[in-house]
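What follows is one structure encoded as structure tokens, with my remarks underneath.
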Number of protein chains: 2
Amino acid sequence: MRDRHLTSEKKPTVNDIARVAGVSLATVDRVLNARPGVRSVTIEKVNEAIAELGYVRDTAAANLARKRLYRLLFILPDTANEFVVALKAAIAEQGAKLHHQRTTLDALSVPPFDPQAIVDALDGLDAARIDGVAVFGPETPSVRDAVRRTRARGIAVVAFVSDLPSSDRDHFVGIDNIAAGRTAAKLMGRFVRGKGRILVITGSRLARDHLERRTGFDAVMSREFPHLEVMASIEGRDDPDLIRQMLPDVFDAYPDIRGIYSSAAGNPGLIRFLDAAGPHDDLVVIAHELTAASRAALERGVFDAIISQDTGHLVRSATRLLKATADRVPFDDTQERIRIDIYLRENMPAA
Amino acid sequence: MRDRHLTSEKKPTVNDIARVAGVSLATVDRVLNARPGVRSVTIEKVNEAIAELGYVRDTAAANLARKRLYRLLFILPDTANEFVVALKAAIAEQGAKLHHQRTTLDALSVPPFDPQAIVDALDGLDAARIDGVAVFGPETPSVRDAVRRTRARGIAVVAFVSDLPSSDRDHFVGIDNIAAGRTAAKLMGRFVRGKGRILVITGSRLARDHLERRTGFDAVMSREFPHLEVMASIEGRDDPDLIRQMLPDVFDAYPDIRGIYSSAAGNPGLIRFLDAAGPHDDLVVIAHELTAASRAALERGVFDAIISQDTGHLVRSATRLLKATADRVPFDDTQERIRIDIYLRENMPAA
DNA sequence: TTGAAAGCGCTACCAC
DNA sequence: GTGGTAGCGCTTTCAA
């Protein structure tokens with residue numbers, strides 16, 4: 001029994017429209033692309049034909065004829081942290097593939113935690129040479145203004161990984177970080193046995209994603225696991241060495257720490273500390289982002305769970321959204337929703 | 001600082017090849033498509049030009065000229081179970097989108113748990129009208145043979161959701177079900193407090209995916225959580241009513257059940273049972289596939305976790321793989337790997 | 001305000 | 001064996 005037969009006869013083309021409407025190809029094209037210089041009566045005729053035939057434009061053919069190029073840029077912090085490195089790798093990889101599909105992806109690194117660098121980068125963009133830009137950076141008034149100016153110049157802008165106020169950017173590509181924090185808390189609460197303290201390592205107060213994770217984490221911990229005490233965050237600035245240095249003192253001062261939530265980057269520092277401290281069956285460690293380092297830690301049982309977002313999906317989604325925005329066409333909401341991935345050792349994908 | 005500049009000058013076309021090789025467009029095309037009737041010297045010349053220029057074919061243009069259509073078929077069990085229904089919805093949705101990209105997706109429902117029905121369906125396929133088929137069904141010798149025959153007739157075949165031996169199908173689109181079972185076990189073991197029994201509900205002995213999940217589940221439970229006793233599976237045949245009927249007796253006989261692993265479909269029956277039994281804070285329930293029913297159960301705290309696979313991704317991946325196989329072109333391994341998703345209430349995506 | 005015709009990159013048919 | 005040429009569905013001069 002055939003459920004559906006989506007196969008149809010033959011799809012109508014611009015020629016069919018021209019014939020039915022009794023006009024030329026050029027006129028059909030003018031109407032299709034909302035170009036000026038067509039009498040409204042004619043526009044009507046053409047639109048009727050389009051509706052009657054159920055015409056849908058063949059984007060591939062259109063882009064071929066138009067020699068349309070999508071030139072997209074990713075602005076990322078210039079840091080060695082594993083997640084950002086993975087992101088850049090994903091951009092390069094996608095870029096290589098999309099290169100043959102009339103799309104170029106570039107990456108621009110700017111000093112981390114430096115709003116002005118992002119502002120300068122955005123203001124330096126040439127609207128004649130760039131169609132869209134994905135921005136991964138702090139949310140400050142100056143950045144917001146620069147984003148607005150960029151969009152005003154006709155360049156599509158999406159907030160990448162860390163959101164900017166929705167009134168400013170065209171879209172946000174990333175996870176719901178409050179939900180990610182809540183997820184970490186739920187796992188922490190269910191994994192930890194007995195009472196004790198929970199240490200939270202964060203990155204920067206300027207990073208909206210870090211703040212949101214902390215908010216979500218605290219909400220679930222206090223409501224569902226009040227027997228666990230969440231301590232004030234230590235700010236690691238995504239720096240492994242700094243984190244490695246800070247931890248011994250913290251553990252000396254609070255021997256009853258039962259869980260660590262590493263909500264930002266810099267995991268290698270945490271891992272070095274944990275390895276030096278030796279086996280710790282009663283300590284639950286939950287971190288963010290599946291990278292070579294965190295993957296190994298999960299494998300060895302040093303980490304108990306990893307909350308992650310798929311870098312490939314992030315890049316593909318940003319690309320699709322930027323293109324759709326540049327073309328002023330709709331997109332598929334559900335496909336662009338980035339999942340909050342949970343990885344245990346058991347469901348880690350092969351490297 | 002610009003990290004990479006992937007933008008390149010201008011991509012070489014068939015015309016460039018013709019010019020450089022000193023032959024005509026037609027000959028270039030013959031070489032490109034491995035058509036007969038070209039002297040090997042000429043082939044050499046053309047190939048050198050191709051290498052020298054770094055030519056890469058523009059698939060969009062080629063498909064346009066070729067009027068290439070991809071006619072793909074999904075063979076699925078004719079059942080009302082939530083997962084299969086979601087799959088069909090995803091096929092219809094993708095189909096509507098791909099329809100304008102020279103690709104048609106059809107779905108064919110066959111009686112569930114019936115190898116012969118699949119064999120008949122495959123043997124009934126017209127190679128002149130179908131380019132590829134995704135098969136979701138039991139792994140039996142007769143099915144394997146039919147898959148072989150189908151491929152021999154030039155139709156691409158991927159195993160869908162439940163694997164077939166790798167020697168038979170072109171690819172497998174689905175999760176590693178052993179790992180999925182292991183994942184469920186790890187969550188179960190860490191969530192359950194104290195000792196007790198774990199009940200496993202399975203679907204059918206014929207379904208390879210169900211068997212694999214059970215295998216993985218048992219392995220982790222026995223090794224890491226020996227204080228929990230995993231009981232013999234009850235076979236629910238993915239039937240909510242049957243499951244609803246069986247459960248009361250099981251719980252009467254074993255009052256110390258502390259966890260339920262619903263490894264197949266039919267979750268609505270389990271949910272009805274749990275609702276009737278009332279609140280149960282000390283019972284951990286882990287099920288498969290995020291559907292309307294399971295999502296609601298997770299939301300209400302009736303389920304503790306859901307192991308899932310993204311139906312949209314499954315369909316998109318099967319489609320890409322079938323096309324790539326039909327075209328004999330390579331594909332991107334990492335993008336086709338279906339993740340084992342873990343959902344808690346906290347990271348459930350919006351409906 | 002409209003139309004004819006060339007062309008995007010590639011394929012395919014028909015001659016030579 | 002090889003080459004010219006029309007054409008896929010759409011856009012874009014250039015004339016009219």
Side-chain angles (χ1 to χ4, degrees), chain A residues 8-47 49-50 53-70 98-103 326-329, chain B residues 8-47 49-50 53-70 98-103 326-329:
Chain A
S8 91
E9 314 62 51
K10 208 184 317 170
K11 292 186 312 180
T13 73
V14 279
N15 290 289
D16 298 319
I17 300 177
R19 191 173 27 75
V20 171
V23 299
S24 77
L25 263 187
T27 297
V28 172
D29 184 69
R30 290 187 184 99
V31 174
L32 238 32
N33 295 292
R35 272 188 271 270
V38 188
R39 279 186 308 164
S40 48
V41 224
T42 316
I43 296 184
E44 260 319 302
K45 274 196 299 184
V46 173
N47 279 330
I50 289 176
L53 294 171
Y55 170 82
V56 179
R57 175 206 251 101
D58 181 331
T59 329
N63 283 343
L64 174 59
R66 210 193 291 246
K67 297 210 246 176
R68 200 341 174 177
L69 291 183
Y70 297 92
L98 294 175
H99 184 41
H100 305 294
Q101 292 173 56
R102 329 192 108 65
T103 304
D327 284 346
R328 294 175 179 35
V329 298
Chain B
S8 91
E9 316 58 53
K10 208 186 314 171
K11 291 187 311 179
T13 74
V14 280
N15 289 289
D16 299 320
I17 301 177
R19 191 172 28 73
V20 171
V23 298
S24 79
L25 222 47
T27 296
V28 172
D29 184 66
R30 289 187 184 99
V31 176
L32 238 31
N33 294 292
R35 271 187 272 270
V38 187
R39 280 185 307 166
S40 48
V41 223
T42 316
I43 296 184
E44 261 319 302
K45 274 196 300 185
V46 173
N47 280 330
I50 289 176
L53 295 170
Y55 171 82
V56 179
R57 177 206 249 99
D58 182 330
T59 330
N63 283 342
L64 173 60
R66 210 192 292 248
K67 296 211 243 177
R68 195 355 169 168
L69 290 183
Y70 297 92
L98 294 175
H99 184 41
H100 304 295
Q101 294 173 55
R102 323 189 117 64
T103 305
D327 284 347
R328 295 175 185 15
V329 298

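Residue numbering restarts at 1 for every chain, and letters A, B, ... go by the order of the sequence lines.
- Within the model, atoms CD1 of A:Ile17 and NZ of A:Lys45 stand 13.5 Å from one another, a figure rounded to the nearest 0.5 Å.
- The listed nucleotides are D:dT11, D:dG9, C:dG9; the one nearest the side chain of B:Arg102 is D:dG9.
- In this structure, B:Ala61 and B:Ser40 both approach DNA chain D, and ranking their closest nucleotides by distance from the 5' end singles out B:Ser40.
- At whole-Å resolution of the value, CG in A:Asp29 and P in C:dA4 are 15 Å apart.
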Every protein N/O lying under 3.5 Å from an N/O of nucleotides 3-5 of chain D:
{"unit_1": "D:dG3", "atom_1": "OP2", "unit_2": "B:Ser24", "atom_2": "N", "d": "3.0"}
{"unit_1": "D:dG3", "atom_1": "OP2", "unit_2": "B:Ser24", "atom_2": "OG", "d": "3.4"}
{"unit_1": "D:dG3", "atom_1": "OP2", "unit_2": "B:Thr27", "atom_2": "OG1", "d": "2.9"}
{"unit_1": "D:dG3", "atom_1": "N7", "unit_2": "B:Arg30", "atom_2": "NH1", "d": "3.2"}
{"unit_1": "D:dG3", "atom_1": "N7", "unit_2": "B:Arg30", "atom_2": "NH2", "d": "3.3"}
{"unit_1": "D:dG3", "atom_1": "O6", "unit_2": "B:Arg30", "atom_2": "NH2", "d": "2.4"}

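- Using a 4.0 Å heavy-atom distance criterion, B:Arg35 is classed as a sugar-phosphate-only contact.
- Whole-Å rounding puts the A:Arg57 CZ to C:dC8 P distance at 20 Å.
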List the steps, then state whether side chain to side chain contact (heavy atoms under 4.5 Å, CB included) holds for B:Asp29 with B:Leu25.
CA-CA 6 Å; B:Asp29 184 66; B:Leu25 222 47; over 6 Å; no
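- For the pair A:His100 NE2 and C:dC10 C1', the interatomic distance rounds to 16 Å; values are reported in whole Å.
- The CG atom of A:Asp16 sits 13 Å away from the C1' atom of D:dC10 (whole-angstrom rounding).
- Of the residues B:His100, B:Gln101, B:Arg102, the one that meets the side chain to side chain donor-acceptor pair (under 3.5 Å) test with A:Asp58 is B:Arg102.
- As rounded to whole Å, 4 Å separates atom C1' of C:dC8 from atom CG of A:Leu64.
- Counting all heavy atoms, side chain and backbone alike, A:Ala49 lies closest to A:Ala21 at CB-CB, 3.9 Å.
- In summary, of the residues considered (B:Val28, B:Val23, B:Val31), a side chain to side chain contact (heavy atoms under 4.5 Å, CB included) with B:Val38 occurs for B:Val31 alone.
- When rounded to the nearest whole Å, the span between NZ of A:Lys45 and P of C:dT1 equals 14 Å.
- Residue contacts for A:Asn33: at a heavy-atom cut-off of 4.0 Å it reaches the sugar-phosphate backbone alone, with no base atom in range.
- Between A:Arg66 and D:dT11 there is a side-chain N or O to OP1 or OP2 distance below 4.0 Å.
- Figure legend: A:Arg57 and A:Tyr55 shown without cation-pi pairing, the cationic atom not lying both under 6.0 angstrom from the six-membered ring centre and within 45 degrees of its axis.
- Screening A:Asp327, A:Thr103, A:Thr59 for a side chain to side chain donor-acceptor pair (under 3.5 Å) involving A:Arg68 leaves a single residue, A:Asp327.
- One interatomic measurement links the two molecules: NZ of A:Lys11 to P of D:dC8, which rounds to 14 Å at whole-angstrom precision.
- A:Ile43 places its CD1 atom 8 Å from the P atom of C:dT2, with the value rounded to the nearest Å.
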